[in-house]
Amino acid sequence: GQDISDQAHIKTIFATHQPVLSEVFMSVQGFQCVALHVPVFEDNEFAGTVAALFPFDVISQRFLEDIRVGRSGYSILLSREGIELYCPVLGHGRQSIYDTSKKFPSVLTMADRMLIGETGDCTYDFDQIGGRKVSLVRKRAFYMPIKLENTFWSICVTAPEAEALAFIQGFRDRWVVGVALLLVTFGMWGFHLTRAFLSLHRERTQRVAEARLQQAEK
């Protein structure tokens, strides 16, 4: 029974009659959420909208909490306006990344690139790992947009550079061992194939020589 026509996403869908995903807002039910509105038509005439509201907890628990990189890597989800829809760093959730990371210019540079829909990676310095305060640590991040109805969100996966490098080095070492084993296998296979080929060649040469000898005797 409440009038919600002043909400930005309501104005958009009433103007465009196209599905719209809202920014973060306080619902009339009393919780911060994101709303997906889709238009309803009757006899080809716009008749209103049907909406689903997604609380922050649903977004994080269902899709993002289980993302892990190394021991302490995690994901960050930004709305189109830079609101941290999900971030496990204490005090960051539901806040603007420009407020939570204003002391870290390299983070804000990354945020600028995320919010124009770029895909990329960067290195930055930060003083928290998850919920723990630490001395300044170098971190490595990769980010990309998630395209939605009328907008996009941007997801970033980040981890301390040392952990990321350890993972890469571990992968490299496993790859080197795998390639070495493959080379040994091919080498043994080639050795046996060559020996079999030479043996076959000797037998064929011997048969040809015997045939010629028999012909000469005749």
Side-chain angles (χ1 to χ4, degrees), residues 1-41 45-69 73-122 124 126 128 130-131 139 141-158:
Q2 296 191 42
D3 183 3
I4 59 173
S5 59
D6 62 331
Q7 295 175 350
H9 52 282
I10 298 296
K11 293 179 180 178
T12 299
I13 196 169
F14 270 59
T16 64
H17 299 172
Q18 297 294 321
V20 61
L21 188 73
S22 76
E23 277 299 318
V24 180
F25 73 105
M26 180 64 71
S27 69
V28 295
Q29 292 84 359
F31 60 92
Q32 283 191 311
C33 65
V34 173
L36 174 64
H37 277 259
V38 295
V40 176
F41 296 91
E45 293 291 330
F46 179 70
T49 75
V50 173
L53 304 184
F54 299 94
F56 279 93
D57 293 343
V58 171
I59 296 172
S60 61
Q61 290 174 5
R62 185 167 184 180
F63 301 108
L64 298 166
E65 285 185 352
D66 291 336
I67 295 178
R68 294 287 183 270
V69 181
Y74 54 84
S75 62
I76 302 169
L77 183 64
L78 295 185
S79 77
R80 181 66 183 82
E81 299 299 320
I83 302 299
E84 297 186 49
L85 299 175
Y86 175 76
C87 179
V89 177
L90 189 63
H92 279 224
R94 313 181 191 185
Q95 304 296 318
S96 169
I97 193 170
Y98 292 100
D99 293 330
T100 59
S101 302
K102 58 187 176 184
K103 296 180 181 179
F104 306 99
S106 53
V107 176
L108 301 185
T109 298
M110 178 181 73
D112 289 340
R113 293 164 63 184
M114 291 173 68
L115 296 181
I116 60 174
E118 288 189 3
T119 295
D121 63 279
C122 74
Y124 65 93
F126 203 60
Q128 293 191 57
K139 304 188 82 171
F142 181 84
Y143 52 88
M144 66 184 303
I146 304 170
K147 298 188 182 302
L148 303 168
E149 289 292 347
N150 61 309
T151 185
F152 66 88
W153 293 343
S154 188
I155 187 168
C156 166
V157 178
T158 180

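For the atom pair F126 CZ and S101 OG, the distance stands at 4.5 Å (nearest 0.5 Å). In this structure, the separation between OG on S75 and CG on L85 is 11.0 Å, given to the nearest 0.5 Å. Between the CZ atom in F142 and the SG atom in C156 there is a gap of 9.5 Å [rounded to 0.5 Å]. The OG1 atom of T158 sits 11.0 Å away from atom CG of D121, with the distance rounded to the nearest 0.5 Å. To the nearest 0.5 Å, atoms CG (L78) and CD1 (I155) are separated by 9.5 Å. Summarising the geometry, atom NZ belonging to K11 is positioned 15.0 Å from atom CD1 belonging to I13; distances are rounded to the nearest 0.5 Å.
With sequence neighbours left out, T49 forms a side chain to side chain donor-acceptor pair (under 3.5 Å) with H37.
Taking each heavy atom of W153 and S79 in turn, the nearest pair found is CD1-CA, 3.6 Å. The heavy-atom pair separating I116 from F152 by the smallest distance is C-CZ, 3.9 Å. Pairing each heavy atom of P145 with each of E118, the nearest pair is CD-O, 3.5 Å.
A distance-only check finds no donor-acceptor pair linking the side chain of S106 to the backbone of Y124 [under 3.5 Å]. Panel note: side chain R94, backbone E84; no donor-acceptor pair is recorded below 3.5 Å.
Between F46 and H17, the ring planes lie parallel to each other; the angle is under 30°, not in the 30° to 60° tilted range.
Y143 is not listed as a side-chain neighbour of I76, based on a closest heavy-atom distance of 4.5 Å or more. Side-chain contact between Y98 and D112 is present, with heavy atoms from C-beta onward closer than 4.5 Å.
Looking at E81, R80, M110 one by one, the single match for side-chain contact (heavy atoms from CB on, under 4.5 Å) with L115 turns out to be R80. Across L36, I4, V20, L21, a single residue satisfies side-chain contact (heavy atoms from CB on, under 4.5 Å) together with H9, and that is V20.
A side-chain donor-acceptor contact under 3.5 Å links Q29 and S27.
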